[in-house]
Number of protein chains: 2
Amino acid sequence: MYSIGDLSRRTQVKVPTIRFYEGKGLLPKPERTAGNQRRYDEAALKRLLFIRHCRDLGLPLIDVVGLLSLEGAAGSDLNRAHEIAEKQLADVRDRIARLQNLEAELTRISVACDGKHDHVCAVLHAFGDHSECMGTHSHKK
Amino acid sequence: MYSIGDLSRRTQVKVPTIRFYEGKGLLPKPERTAGNQRRYDEAALKRLLFIRHCRDLGLPLIDVVGLLSLEGAAGSDLNRAHEIAEKQLADVRDRIARLQNLEAELTRISVACDGKHDHVCAVLHAFGDHSECMGTHSHKK
DNA sequence: TGTAATTCCTCTAGTAACTAGAGGTTCAAG
DNA sequence: CTTGAACCTCTAGTTACTAGAGGAATTACA
Ligand SMILES: [Zn+2]
Ligand SMILES: [Zn+2]
Ligand SMILES: [Zn+2]
Ligand SMILES: [Zn+2]
């Protein structure tokens with residue numbers, strides 16, 4: 001049996017985060033000692049490692065829940081996992097494209113000023129003026 | 001004089017967001033009509049356009065505040081704008097790199113399963129198992 | 001001028017995924 | 001048996017908004 005601290009060390013998930021996951025229903029409520037402290041078994045450890053890896057892959061918790069619910073599933077139910085993977089991949093690609101647009105504009109902006117700063121700063125000006133931009137850009141969906 | 005709705009239409013910033021910016025001190029408190037409705041001048045419009053563009057470049061509001069405070073500045077104070085631009089550029093590049101790692105892993109994961117789903121799904125399995133990954137990956141700083 | 005549609009007002013709460021802190025209890029080692 | 005580390009619950013803060021309730025002002029039109 002593991003204490004919450006043991007689980008934290010083995011998964012690199014912080015203690016308050018483990019409690020948070022329990023509150024959200026991602027981890028089942030564990031047994032408790034006589035003194036009310038949590039004690040986890042091997043299954044809980046595996047489940048938390050699964051969650052951890054999904055988070056490292058950028059999945060939102062709602063999709064982690066979806067994947068966890070597929071434990072023990074078979075047949076076409078498992079297609080849900082493929083959907084989640086492809087949605088996430090599409091999302092990541094979309095974000096990369098947006099960030100590359102940002103990178104281009106910010107690169108242009110960063111070198112716009114000669115640094116003399118007599119009266120104005122071209123960087124400051126460029127931050128406010130989209131008409132000088134090379135294309136569209138927005139960090140958000 | 002513009003109503004808050006006029007300002008919203010001209011900047012594409014939503015009405016509640018304009019009020020939110022006012023509350024945060026990014027926009028000065030505007031004049032009001034006898035009936036307590038906000039009325040904005042040209043300067044407010046320009047300021048909001050500035051904020052909008054900074055946000056589209058992904059700057060956090062704290063840095064937008066920093067840039068706004070540079071209005072009318074001169075000399076070395078303006079270097080602050082360069083710092084903000086370069087920090088943002090570095091941050092964007094870092095995020096791109098992370099997302100490219102994610103993209104690689106998710107691509108691998110997405111094609112891992114043959115779709116038969118007799119008993120297991122290789123996609124589902126890959127979501128939980130970092131040992132199959134090609135490298136490190138984490139979506140967060 | 002009357003009235004109806006639209007826009008505006010304030011305030012609270014909800015979003016995602018945690019993180020930090022307060023104030024107090026239990027556990028493990030020596 | 002006494003420390004000190006680890007644990008407990010609960011609340012609130014983070015970012016940048018967005019949604020909704022309940023009500024008042026403005027505008028357009030007849
Ligand atoms: Zn400059
Ligand atoms: Zn632009
Ligand atoms: Zn599959
Ligand atoms: Zn991995």
* To do: Spell out protein contact along nucleotides 22-30 of chain C as letters: B when the base is contacted, S when just the sugar-phosphate is, - when no protein heavy atom is under 4.0 Å; keep the 5' to 3' order.
  => ----SS---
* To do: Taking only heavy atoms on the protein side, list every residue of residues 49-57 of chain B lying under 4.0 Å from any atom of DNA chain C, sorted numerically.
  => none
* Would you give the length of the straight line joining atom CG of B/L57 to atom CD1 of B/I84, rounded to the nearest 0.5 angstrom? => 12.0 Å
* Structure fact -> Separation of C/dT15 atom C1' from A/L61 atom CG, nearest Å, is 13 Å
* Asked: Is B/K24 close to B/E22 at the side-chain level, that is, under 4.5 Å between some pair of heavy atoms?
  -> no
* **Contact residues, residues 2-27 of chain A to DNA chain C [heavy atom, < 4.0 Å]** => A/K14, A/T17, A/F20, A/Y21
* Taking only residues two or more places apart in sequence or in another chain, which ones pass salt bridge (charged side-chain N to carboxylate O under 4.0 Å, His left out) with B/K87? -> B/D63
* Set of residues satisfying salt bridge (charged side-chain N to carboxylate O under 4.0 Å, His left out) with respect to B/R19, sequence neighbours excluded -> none
* To do: Decide yes or no for B/F127 and A/L59: does some side-chain heavy atom of the first lie under 4.5 Å from some side-chain heavy atom of the second?
  => yes
* Structure fact -> Atom NZ of B/K141 and atom C1' of C/dA17 are separated, to the nearest Å, by 16 Å
* To do: Locate the shortest heavy-atom distance separating B/V65 from B/L26; write the atom from each residue and the value.
  => CG2-CD2, 3.7 Å
* Structure fact -> First and last nt of DNA chain D near chain B, cut-off under 4.0 Å to heavy atoms, 5' to 3', are D/dA16 to D/dT26
* Structure fact -> salt bridge (charged side-chain N to carboxylate O under 4.0 Å, His left out) filter on A/D6, not counting sequence neighbours, yields A/R9
* Of all residues at least two apart in sequence or in a different chain, which pass the salt bridge (charged side-chain N to carboxylate O under 4.0 Å, His left out) check with B/E86? -> none
* **Polar contact flag, side-chain donor to acceptor under 3.5 angstrom, B/Y40-B/E31** => no
* In whole angstroms, how far is the P atom of C/dA16 from the NZ atom of B/K140? -> 16 Å
* To do: List for me each residue that meets ring pair (Phe, Tyr, Trp, His ring centres under 6.0 Å) alongside A/H130, sequence neighbours excluded, and say none if there are none.
  => A/H137, B/H53
Could you pull out every donor-acceptor pair under 3.5 Å between side chains of residues 96-103 of chain A and any protein atom, sequence neighbours left out?
unit_1	atom_1	unit_2	atom_2	d
A/R98	NE	A/D94	OD2	2.9
A/R98	NH1	A/S138	O	3.4
A/R98	NH1	A/K140	O	3.0
A/E103	OE2	B/R93	NE	2.9

* Which pairs, with at least one residue in residues 62-102 of chain A and sequence neighbours excluded, count as a ring-ring contact (aromatic ring centres under 6.0 Å, His included)? -> A/H82-B/H117
* Please collect all ring-ring contact (aromatic ring centres under 6.0 Å, His included) contacts where either partner lies in residues 7-29 of chain A, sequence neighbours excluded, each pair once. => none
